[in-house]
Amino acid sequence: MTIILTPFAKLILWFYEISGSYAIALVLFGLVVRMILFPIFLKGRKSMLAMSGLAEKQKVLQQKYMRDRQRYSIELQKLYEEEGVKPSGGCLWSFLPMPFLMLLYLVIRRPLTYLMGMSEDMFNSVSNLLYGQVYDYKNQQLQMAQDVFLNHDRITAAVPELADMPVIDFSFLGANLSSTPHFMFWKQEDLLPAFVLFMIPVISAVLNIVTTRVSTNVNAKITGASRTMDQNTKMTMFMMPLFSLWICFTLPAALGIYWIANSIFAIAQEYMNIPFLRKHQKKLEEEKVKRKEEEKERVKQEKKAQAEAKKKAAEEMRRIQMERKVNKSLAAASRVGMRTYARGRSYDPDRYPSYPYREIAEIVQEQEAQRERLAAEKAAGKGKKDAAMPAPQPTAPADTAPVDPAPAEQEEAIPAPLTTQELEEQALENIQAQQEEE
């Protein structure tokens, strides 16, 4: 810890050597801290500015979902996501000086060690010299700090090792800044120093309220909205003054001086941040317009994709319906009893022709009847031909070639009757074809 605290102590001691005042050295230390943290403070103010711009929308949601806190939280979180705002970013900037305040407290709490370079043996010798007893080296340095300044010559004469010890006056307006303020200052022996110490916490709390007010006014000036505070700002405005009072009434008054300086610098910084915040606000508005355009384009693409998906679904449904119709016809053709696909889905009833079973005697009888019918037709046709034949003509010369009869006059060919063996073979083939089909 000494490695971390020594640079802070050296910086405060350097400021004291320049200004000659312990209070001014603390003020300059606070200025350096504020300058170091300026970029972080600016980032926090940007977040707080974005939160302030949502105060009106947040109020509308609060009135709309007054009876449904869960729905209000969901809608509020959705609003933050749409606007790109982090709720915690607007109030964290107020707590950034706290680590520096704690380090400064450790330095102020032991000024003889860190500011004057007094070891424990030297401290014991000085406390024995001034009070006739040895004080606690770690916890009672504040009670000795101002007395060491007032008795500097006496101490250096008694303890030669402290000849080069820095001479630091811890008083401010007659009050000892190494002591702790009292709330009932009127009961103290020295009324004026006690009143000065009492006013340090009060001024610190008032400046905290002023800082919050100035921040709200700057937000309203930049955003053009009404000067309403969101929930985080109200909480900060209520908590920070109380915290400042507690700090300043329980710790040495030097920390109150630092807290007051920090508040004054914060107010000045608010007005210095106006150009940066205006530029940031313009950027936020541009990003908001861009997000709206992207959202419109996204919705448009989603609608287009939904239309295409719907079209594909309709085409797929038509294809499925056609397949169902084909399958239904195939199922009807291949059905055997209650078995829908007894013959298979690819069954085709017209692929192989089938013939009904006939007896051999029936086939022979049919063949004989056909032969008799053809013979009767031939006989009837020959009688008609003889009746219509013309008178004989003179005989042609011998050298004349004979003329063939016309094709129409030729006898019609009569198929030869099938034998019994051939009829049996044909019947067997019909039976085998029918069995294969089944």
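Residue indices begin at 1 and follow the sequence shown.
The backbone N or O of R213 lies less than 3.5 Å from a partner atom in the side chain of N217, making a donor-acceptor pair. Side-chain atoms of D190 never come within 3.5 Å of backbone atoms of L192 as a donor-acceptor pair (strictly under, hydrogens ignored). With hydrogens and angles ignored, the 3.5 Å screen pairs no side-chain donor or acceptor of Q133 with any backbone N or O of N128. Within the 3.5 Å criterion, the main-chain N or O of N124 finds a donor-acceptor partner in the side chain of S127.
Counting all heavy atoms, side chain and backbone alike, T156 lies closest to A163 at CG2-CA, 4.1 Å. Between T180 and F249 the shortest heavy-atom distance is CG2-O, 3.4 Å. For M144 against F123, the heavy-atom pair with the smallest separation is SD-CE1, 3.1 Å. Across every non-hydrogen atom of L251 and P181, the tightest pair is O-CD, 3.6 Å. Shown here for Q143 and Y135, the closest heavy-atom pair between the two residues is CB-CE2, 4.5 Å. Across all their heavy atoms, M116 and F170 have their closest contact at CE-CE1, 3.6 Å.
Between the CZ atom in R109 and the CG atom in L255 there is a gap of 11.5 Å [rounded to 0.5 Å]. We find the CZ-CG distance between F195 and L173 to be 11.5 Å, quoted to the nearest 0.5 Å. Of the inter-residue distances, the one linking I155 atom CD1 with M165 atom CE reads 5.5 Å to the nearest 0.5 angstrom. Considering CG of L177 and CD1 of I200, their distance stands at 5.5 Å, rounded to 0.5 Å. A distance of 11.0 Å separates CZ of R110 from OH of Y105, quoted to the nearest 0.5 Å. Taken to the nearest 0.5 Å, the CH2 atom of W259 stands 13.5 Å off from the CD1 atom of I264.
Within 6.0 Å of atom CD in Q365, 12 or fewer heavy atoms from other residues, nucleotides or ligands are found, so the atom counts as exposed in its surroundings. Enclosure of atom OH in Y131 by more than 12 non-hydrogen atoms of other residues, nucleotides or ligands within 6.0 angstrom is indicated.
Considering only heavy atoms from C-beta on, E308 comes within 4.5 Å of K304 through its side chain. Contact check for K296 versus E293: no side-chain heavy atoms found under the 4.5 Å cut-off. By the 4.5 Å heavy-atom criterion applied to side chains, S179 and L197 are counted as neighbours. No side-chain heavy atom of V126 sits under 4.5 Å from any side-chain heavy atom of N151. The shortest side-chain heavy-atom distance between I12 and Y114 does not fall under the 4.5 Å cut-off. Two residues are said to be in side-chain contact when any heavy atoms from C-beta on lie closer than 4.5 Å; S178 and I108 fail this criterion. Contact annotation: the side chain of K282 approaches that of E286 to within less than 4.5 Å [non-hydrogen atoms, C-beta and beyond]. Looking at heavy atoms from C-beta onward, V218 lies out of side-chain contact with N273 at the 4.5 angstrom threshold.
In this pair, F243 and W246 present their aromatic rings tilted. The plane angle is within the 30 to 60° band. Ring geometry for Y16 against Y22 counts as perpendicular: the plane angle is over 60°, on a 0 to 90° scale with 30° as the lower cut. Between F38 and F276, the ring-plane angle classifies as perpendicular under the 30° and 60° cut-offs.
Under the 3.5 Å distance criterion, with hydrogens and angles disregarded, a donor-acceptor pair is assigned to the side chains of Q141 and T113. With hydrogens and angles left out, the side-chain atoms of D169 and S171 include a donor and acceptor closer than 3.5 Å. Using modelled atom types, one finds no donor on one side chain facing an acceptor on the other under 3.5 Å when comparing S263 with T211.
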Exercise. Between S119 and M122, is a side chain to side chain contact (heavy atoms under 4.5 Å, CB included) present by the stated rule, with each step listed?
Worked result: CA-CA 5 Å; S119 64; M122 296 177 182; 3.3 Å; yes
Exercise. Given H182 and K187, is the side chain to side chain contact (heavy atoms under 4.5 Å, CB included) satisfied, shown in steps?
Worked result: CA-CA 9 Å; H182 295 277; K187 294 184 178 181; over 6 Å; no
For this session: Could you go through the side chain to side chain contact (heavy atoms under 4.5 Å, CB included) check for K283 and K279 one step at a time?
Result: CA-CA 6 Å; K283 183 179 179 180; K279 184 178 180 180; over 6 Å; no
Exercise. Can you check side chain to side chain contact (heavy atoms under 4.5 Å, CB included) on I24 and F172, steps first, answer last?
Worked result: CA-CA 9 Å; I24 296 177; F172 175 71; over 6 Å; no
Exercise. Yes or no on ring pair (Phe, Tyr, Trp, His ring centres under 6.0 Å) for F29 and F8, after CA distance, side-chain angles and deciding distance?
Worked result: CA-CA 9 Å; F29 177 80; F8 288 89; 5.7 Å; yes
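Applying the side-chain hydrogen bond (donor to acceptor under 3.5 Å, both in side chains) criterion to E302, with sequence neighbours excluded, gives R298. Not counting sequence neighbours, the partners of D136 by the side-chain hydrogen bond (donor to acceptor under 3.5 Å, both in side chains) test are N139.
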